[in-house]
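Sequence lines set the chain letters: A, B, ... in the order given, protein chains first and strands last, and positions in each chain run from 1.
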Protein chains: 2
Amino acid sequence: MEATLPRELLRDRTAAIARALADPKRLCVLETLAEGERSVSDLSREVGCQVPNMSQHLSVLRTAGIVATRREGSTVFYRLADPQVLEIYRLLQQVAG
Amino acid sequence: MEATLPRELLRDRTAAIARALADPKRLCVLETLAEGERSVSDLSREVGCQVPNMSQHLSVLRTAGIVATRREGSTVFYRLADPQVLEIYRLLQQVAG
DNA sequence: TCAGGAGTTGCGCAAAGACGCAAATATGCG
DNA sequence: CGCATATTTGCGTCTTTGCGCAACTCCTGA
C-alpha cells in the first residue's frame, strides 16, 4: 500500500525535481545519459566543465532520484534512473521551443 | 517555417521553464489555475502569500510563457497559457511521488 | 477631481545555488 | 606500502532568488 503524501509535501518534492532540471548543464547531462551510461570524467568532458563541478551537478541529480550510479573499480558510472524524466524533458523543450 | 533554435539556446530556455516550475507556491498557482482563471488577489489568498509576492511569482510564470493575462477593469485575471504545462506537472509529480 | 481598491515595482536582506580551486577519499597496481 | 587515477568534499566568492515592506501606477465610482 502506498502512503499518500500530504499535498504540500508533494509540492515541495515536485518543485525539487523541477529545480534539479533547472540548469542547462544538468540538462546536457541528461541528453548525454540518454545515450547510455557515462563516467564522471566522460560527462565533465562532454558537457564542458571541471570534474568537481560535474560531480556536484550529478549529486543534485542523484539526490533528486533522477540518476543512479554503478561503480566499476575507481570509476563511477552514472545512468538515468527514471525514464519518465526524458519524457518530461521532451515536453519542457516543446514548451520552451 | 519554424526557425530551428541552436541546441544550447534551447537548453537555456528549457532550463528557464524548469526554473519557473521550481517553486512550491508557483506550482500551487498552477493547480489553482487548472480550475480556471483567477485574479491576483484570489491567487494570493488561495496560495497564502502577500499580493506583491504573488505578483512577482506570476511575473516569473508569465515571462516563461506559462500563464497569460486578461484585464477587466482594474482586475487582472491570470490563466494557463499552455495546457502542456499541466502534463509536465503531472509527470513531475509522478517522479516526485 | 479625488478617494480607494487592485496590481506592479523598487529596495534591502537572508538563503540558496553555481563555480573554481585545493584538499580529502577511494580504488587498483606494482 | 606508495603512487597514480577517479571522484567527492570543503571553502570562498559572486549571482540569483524569495520575501516583506513601502511607494507608485491604474482604473473606477462618487
Side-chain angles (χ1 to χ4, degrees), chain A residues 8-9 11-33 36-79 81, chain B residues 8 11-33 36-79 81 96:
Chain A
E8 193 183 318
L9 184 51
R11 257 198 303 268
D12 287 348
R13 295 177 57 159
T14 305
I17 305 290
R19 205 174 315 121
L21 299 177
D23 180 276
K25 288 207 174 75
R26 288 197 290 266
L27 292 180
C28 194
V29 167
L30 295 194
E31 287 174 30
T32 306
L33 292 185
E37 63 176 15
R38 296 281 193 285
S39 71
V40 177
S41 33
D42 284 346
L43 288 168
S44 147
R45 191 172 349 94
E46 300 191 50
V47 171
C49 70
Q50 300 194 255
V51 172
N53 187 1
M54 176 53 64
S55 184
Q56 304 209 77
H57 281 302
L58 289 169
S59 157
V60 170
L61 291 171
R62 193 159 43 81
T63 299
I66 294 174
V67 301
T69 61
R70 172 178 74 87
R71 173 153 227 140
E72 189 176 311
S74 66
T75 302
V76 177
F77 289 98
Y78 281 77
R79 64 177 185 279
Chain B
E8 195 183 318
R11 258 197 301 267
D12 286 349
R13 296 177 55 160
T14 304
I17 304 289
R19 207 174 312 121
L21 299 178
D23 180 275
K25 287 207 175 76
R26 290 198 287 269
L27 293 180
C28 193
V29 166
L30 295 193
E31 286 174 29
T32 306
L33 292 185
E37 62 175 16
R38 294 281 194 284
S39 70
V40 177
S41 33
D42 284 346
L43 288 168
S44 147
R45 191 170 350 93
E46 300 192 49
V47 172
C49 71
Q50 299 194 252
V51 172
N53 187 2
M54 177 51 65
S55 184
Q56 303 207 74
H57 280 304
L58 289 169
S59 158
V60 170
L61 290 171
R62 193 158 44 79
T63 299
I66 293 174
V67 301
T69 61
R70 172 179 74 85
R71 172 155 226 138
E72 190 177 308
S74 66
T75 303
V76 177
F77 288 98
Y78 281 77
R79 65 177 184 280

**Q** Would you check if the side chain of A:S44 reaches a backbone N or O of A:V40 as a donor-acceptor pair within less than 3.5 Å?
**A** no
**Q** Before giving the answer on side chain to side chain contact (heavy atoms under 4.5 Å, CB included), spell out for B:I66 and B:L21 the whole-Å C-alpha distance, their side-chain angles and the decisive distance to 0.1 Å.
**A** CA-CA 9 Å; B:I66 293 174; B:L21 299 178; 3.8 Å; yes
**Q** Report yes if at least one side-chain N or O of A:N53 is closer than 4.0 Å to OP1 or OP2 of C:dA18; otherwise report no.
**A**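 False: A:N53 side-chain N/O out of range (4.0 Å or more) of C:dA18 OP1/OP2.
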**Q** Less than 4.0 angstrom between a side-chain N/O of B:T75 and OP1 or OP2 of C:dG5, yes or no?
**A**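 The answer is no; no side-chain N or O of B:T75 sits under 4.0 Å from OP1 or OP2.
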**Q** Could you state the atom-to-atom distance from CG of A:L61 to P of D:dT8 in whole Å?
**A** 12 Å
**Q** Between D:dT8 atom P and A:L43 atom CG, what is the distance in whole Å?
**A**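 Whole-Å distance recorded here is 10 Å.
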**Q** If I take atom CG in residue A:D23 and atom P in nucleotide D:dT16, what distance separates them, rounded to the nearest angstrom?
**A**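 So the CG-P distance, A:D23 to D:dT16, works out to 13 Å.
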**Q** Please say which of A:T32, A:V47, A:V76 ends up in a side chain to side chain contact (heavy atoms under 4.5 Å, CB included) with A:R38.
**A**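 Exactly one pass, corresponding to A:T32.
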**Q** Measure the distance from CE on A:M54 to C1' on C:dC19 and round it to the nearest whole Å.
**A** 12 Å
**Q** Go through C:dA22, D:dC19, C:dC19 for me and flag the one nearest to the A:Q56 side chain.
**A** C:dC19
**Q** Where the side chain of A:S74 is defined as all heavy atoms beyond and including C-beta, which of C:dT27, C:dT9, D:dC27 is the nearest nucleotide?
**A** C:dT27
**Q** Which pair of non-hydrogen atoms, one from A:A22 and one from B:A18, has the smallest distance, and what is that distance?
**A**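 Result for this residue pair: CA-CB, 3.8 Å.
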**Q** Which residue, B:V51 or A:Q50, contacts DNA chain C at a nucleotide closer to its 5' end, judged by nearest heavy atom?
**A** B:V51
**Q** Between atom NZ in A:K25 and atom C1' in D:dT15, what is the gap in whole Å?
**A**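 Distance, rounded to whole Å: 14 Å.
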**Q** Any side-chain N or O of B:H57 less than 4.0 Å from the OP1 or OP2 oxygen of D:dC19?
**A**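 B:H57 to D:dC19 OP1/OP2: side-chain N or O found under 4.0 Å.
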**Q** Under 4.0 angstrom, heavy atoms only, what part of the nucleic acid is B:S59 near: base, sugar-phosphate, or nothing?
**A**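 No contact.
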**Q** Round to a whole Å and report the spacing from CG of B:L58 to P of C:dA6.
**A** 16 Å
**Q** Can you name the closest pair of heavy atoms from A:L27 and B:R11 and give their distance?
**A** CD1-O, 3.6 Å
**Q** With side chain to side chain contact (heavy atoms under 4.5 Å, CB included) as the test, would you mind laying out the steps for A:R79 and A:L33 before giving the verdict?
**A** CA-CA 6 Å; A:R79 64 177 185 279; A:L33 292 185; 5.7 Å; no
**Q** Of all the heavy-atom pairs spanning B:A20 and B:L61, show the shortest one and how long it is.
**A** O-CD2, 3.8 Å
**Q** Can you find a heavy atom in the side chain of A:M54 that is under 4.5 Å from one in the side chain of A:L58?
**A**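 In contact.
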**Q** So does A:Y78 get a side-chain nitrogen or oxygen closer than 4.0 Å to the phosphate oxygens (OP1/OP2) of D:dT8?
**A**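 The answer is yes; a side-chain N or O of A:Y78 sits under 4.0 Å from OP1 or OP2.
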**Q** Roughly how many Å is it from CZ in B:F77 to C1' in C:dA6, rounded to a whole number?
**A** 11 Å
**Q** In whole Å, I'd like the distance from the CZ atom of A:R71 to the C1' atom of C:dT27.
**A** 7 Å
**Q** Which ones in residues 11-21 of chain A lie close to DNA chain C, meaning a heavy atom under 4.0 Å from one of its atoms?
**A**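 Under 4.0 Å from DNA chain C: A:R19.
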**Q** Can you see if the side chain of A:S41 gets near the phosphate of D:dT7 - specifically, an N or O under 4.0 Å from OP1 or OP2?
**A**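 Checking A:S41 against D:dT7: at least one side-chain N or O falls below 4.0 Å of OP1 or OP2.
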**Q** Contact class for B:R26 vs. all strands (heavy atom < 4.0 Å): base, sugar-phosphate, or nothing?
**A**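 Sugar-phosphate, no base atom in range.
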